[in-house]
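Below: one structure, written as structure tokens.
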Amino acid sequence: VKAARYIRPASLDEALAKLAARGGEALVIAGGTDLLPEMRKTRYTGGGGGNGSQGSRTLVDIGLLEEITGVSEADGVIHVGGAATMATIAASPLLAEKAAVLVAAARTVGSPLVRNRATIGGNLATASPSADTAPALLALEAGVRLASAQGVREVPLSGFFTGYRHTELAETELITDILIPVPTQRSAGRFEKVGLRSADAISVVCVATVLEMDGARCLKARIALGAVAPVPVRALAVERALEGRDLGPGVVRECARLVHEHIAPIDDVRGSGEYRRQVAEAVVARTIMQASGTEDAD
Ligand SMILES: Cc1cc2nc3c(=O)[nH]c(=O)nc-3n(C[C@H](O)[C@H](O)[C@H](O)COP(=O)(O)OP(=O)(O)OC[C@H]3O[C@@H](n4cnc5c(N)ncnc54)[C@H](O)[C@@H]3O)c2cc1C
């Protein structure tokens, strides 16, 4: 791969100004773990095969901007910087205490080498159906803060993914923050990823479940899945069926069946659509039982 023009702004404002000045010609790079393999495929940086405009793209590196690499809490909202790495998220005591489902998801991304570079903003911006942090963030009812030289806007994550590998993000915008409302003390979450091997695997199915319980009664349910539809999806019918019910194994299994209303898994190299359908239902049921403390009689 031939080198593209590469700039590393010293501040967020400078990064936004560079993106604005270059319009759609500039391309954000954070960890590069999605972008570099993609560049090899399409020869974006080329000269040697891409079209003219692709050949002249400038990479704007945001990976080391301190303003957007940390994790903090203010006024009932957890802020995860758009360029926070999976390793940072996996090691955050604040997230472990208040948003453990995200920590669990980040820990399953790739290998330690990948997690040291891969960022949460890159995971969301790539918008792969199997992006592991997306279901966790959907179940946490997170939003994203998008900034450009023109200003800042906030979008709920549920409205961010607009289609297969498409998002709300404009070319001159950056994901600067992921905003997670601090869950109540009664919340508990579970994330489970099914891959073809136990490490460094892309999800065949992944599920994040966050429940708010009062004894056996489910007060609130948020369940999201990856790799079973063109975009990461919430299982709204399952959530509605759980809320207000006393949970036992029978109720959980009955509700988990409704997940089929929201998924449209495809056959691919990692598994058939039918396999994904069955695994999704089983994992949804298991994560509900674990998050609610329901004992499975079987
Ligand atoms: C070996 C390997 C294993 C992997 N395993 C997994 C896995 O298990 N689970 C998983 O979900 N993913 C996995 N991935 C994919 C990848 O690591 C993640 O999607 C990662 O989070 C991407 O982040 P990045 O910082 O590397 O993004 P980059 O490659 O730097 O960027 C990706 C895209 O996002 C844009 N972008 C990056 N940051 C921002 C931002 N803040 N604002 C706006 N746009 C931005 C870039 O312009 C580019 O289009 C794997 C990748 C590799 C190479």
Side-chain angles (χ1 to χ4, degrees), residues 4 6 8-9 12 15-16 18-19 22 24-42 44-45 54 57-65 67-70 79-90 102 104-138 144-148 152-153 155 160-161 165-178 191-206 208 225-227 231-232 270:
Y6 170 85
R8 179 179 280 174
L12 180 58
L16 296 176
K18 298 279 190 216
L19 288 172
R22 289 180 164 74
E25 180 266 313
L27 198 56
V28 173
I29 184 166
T33 60
D34 274 326
L35 192 57
L36 291 176
E38 189 62 23
M39 284 165 67
R40 283 182 176 268
K41 265 196 276 172
T42 60
Y44 273 119
T45 49
Q54 286 176 330
R57 295 194 87 158
T58 301
L59 296 181
V60 179
D61 189 343
I62 60 158
L64 295 176
L65 292 178
E67 295 143 282
I68 56 169
T69 51
H79 292 243
V80 182
T85 64
M86 299 298 169
T88 298
I89 292 165
L102 178 61
R107 285 191 176 146
T108 71
V109 171
S111 58
L113 287 178
V114 171
R115 291 195 287 278
N116 282 338
R117 294 209 54 88
T119 64
I120 192 162
N123 202 225
L124 298 179
T126 298
S128 159
S130 57
D132 285 316
T133 63
L137 291 170
L138 283 171
V144 284
R145 182 174 287 163
L146 309 179
S148 71
V152 173
R153 62 188 178 125
V155 178
F160 180 71
F161 301 109
R165 290 184 182 266
H166 280 84
T167 71
E168 266 289 315
L169 200 58
E171 280 176 323
T172 54
E173 274 181 325
L174 279 179
I175 302 172
T176 57
D177 291 85
I178 289 74
F191 176 85
E192 184 173 333
K193 167 171 172 171
V194 177
L196 295 186
R197 51 182 186 233
S198 55
D200 206 358
I202 301 295
S203 283
V204 176
V205 171
C206 61
L225 295 93
V231 294
R270 284 183 282 278

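Quick caveat, the model's predicted, so the values are computed rather than measured. First listed ligand is number 1; within each ligand, the first listed atom is number 1. We count residues from 1, following the sequence as given.
Considering backbone and side-chain atoms alike, I175 places an N or O below 3.5 Å from some N or O of ligand 1. Residue-to-ligand polar distances place L35 within reach of ligand 1: an N/O pair is separated by less than 3.5 Å. Of the N or O atoms in T33, one or more lie within a sub-3.5 Å distance of an N or O in ligand 1. Here's the thing with A201: one of its N/O atoms is less than 3.5 angstrom from an N/O atom of ligand 1. The shortest N/O to N/O separation between N123 and ligand 1 falls below 3.5 Å. At under 3.5 Å, not a single nitrogen or oxygen of L174, backbone or side chain, sits near a nitrogen or oxygen of ligand 1. The distance criterion of under 3.5 Å between nitrogen or oxygen atoms is met by G110 with respect to ligand 1. At least one N or O atom of D34, backbone or side chain, sits closer than 3.5 Å to an N or O atom of ligand 1. Annotation: P37 places no N or O atom under 3.5 Å from an N or O atom of ligand 1; distance criterion only. Between G32 and ligand 1, an N or O atom pair is found at a separation short of 3.5 Å.
Of the possible donor and acceptor atoms, one in the side chain of R115 sits under 3.5 Å from a partner among the backbone N and O of V109. With R117 contributing its side chain and T85 its backbone, the two residues share no donor-acceptor pair below 3.5 Å. In this structure, the side chain of R107 engages the main chain of A90 through a donor-acceptor pair within 3.5 Å. Panel note: side chain K18, backbone V60; no donor-acceptor pair is recorded below 3.5 Å.
Around atom CZ of R22, more than 12 heavy atoms belonging to other residues, nucleotides or ligands sit under 6.0 Å away.
Nearest to atom 38 (N) of ligand 1 by heavy-atom distance, out of A170, G122, G31, A118, is G122. Ranked by closest heavy atom to atom 9 (N) of ligand 1, the top entry among D132, I29, I202, L113 is D132. Considering each of S128, A125, G63, G81, the one bringing a non-hydrogen atom nearest atom 44 (N) of ligand 1 is A125.
Residue contacts with ligand 1 for E38 are absent, since no atom lies close enough (heavy atoms, distance under 4.0 Å). Residue-level proximity to ligand 1 for I120 is absent, since no heavy atom of it falls below 4.0 angstrom. Contacts with ligand 1 closer than 4.0 Å are made by no heavy atom of L36, backbone or side chain. The backbone and the side chain of T119 each have at least one atom closer than 4.0 Å to an atom of ligand 1 (non-hydrogen atoms only). With a 4.0 Å heavy-atom cut-off, ligand 1 is reached by the side chain of I62 but not by its N, CA, C or O. Only the side chain of K193 comes within 4.0 Å of ligand 1, judged by heavy-atom distances.
Remark: ligand 1 atoms within the under-4.0 Å shell around heavy atoms of M86 are 21 (O). Close contacts of ligand 1 with D200, meaning ligand atoms under 4.0 Å from a residue heavy atom, involve 1 (C), 3 (C). Atoms of ligand 1 found under 4.0 Å from any heavy atom of T108, numbered from 1 in the order shown, are 8 (O). Close approach to L169 involves these atoms of ligand 1, each under 4.0 Å from a residue heavy atom: 43 (C), 44 (N). Interface atoms of ligand 1 facing S130, defined by a heavy-atom separation under 4.0 Å, are 11 (O). For ligand 1, the atoms lying closer than 4.0 Å to a non-hydrogen atom of A30 are 25 (O), 30 (O), 38 (N). Distances below 4.0 Å separate heavy atoms of A131 from the following atoms of ligand 1: 11 (O).
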### Task
List the steps and the verdict of side-chain contact (heavy atoms from CB on, under 4.5 Å) for T69 and L64.
CA-CA 7 Å; T69 51; L64 295 176; over 6 Å; no
### Message
Pair D177, V144 - check side-chain contact (heavy atoms from CB on, under 4.5 Å), show working.
### Response
CA-CA 6 Å; D177 291 85; V144 284; over 6 Å; no
### Message
Between L102 and I120, does the side-chain contact (heavy atoms from CB on, under 4.5 Å) criterion hold? Intermediate values first, please.
### Response
CA-CA 10 Å; L102 178 61; I120 192 162; 4.1 Å; yes
### Full working for side-chain contact (heavy atoms from CB on, under 4.5 Å) between S148 and L19
CA-CA 8 Å; S148 71; L19 288 172; over 6 Å; no
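Using a 4.0 angstrom heavy-atom cutoff, A83 does not count as in contact with ligand 1.
Side-chain atoms of E38 and T126, non-hydrogen and from C-beta on, never get closer than 4.5 Å to each other. Using a 4.5 Å heavy-atom cutoff, the side chains of H79 and I178 are not in contact. Looking at E173 and E168, their side chains never come closer than 4.5 Å, going by heavy atoms from C-beta outward. Side-chain contact between T133 and M86 is present, with at least one heavy-atom pair separated by less than 4.5 Å.
A donor-acceptor pair shorter than 3.5 Å can be found between the side chains of S128 and S130.
Nearest heavy-atom pair, A83 versus I62, reported as atom, atom and distance to 0.1 Å: CB-O, 3.8 Å.
Taken to the nearest 0.5 Å, the CG atom of L124 stands 6.0 Å off from the CG atom of L137.
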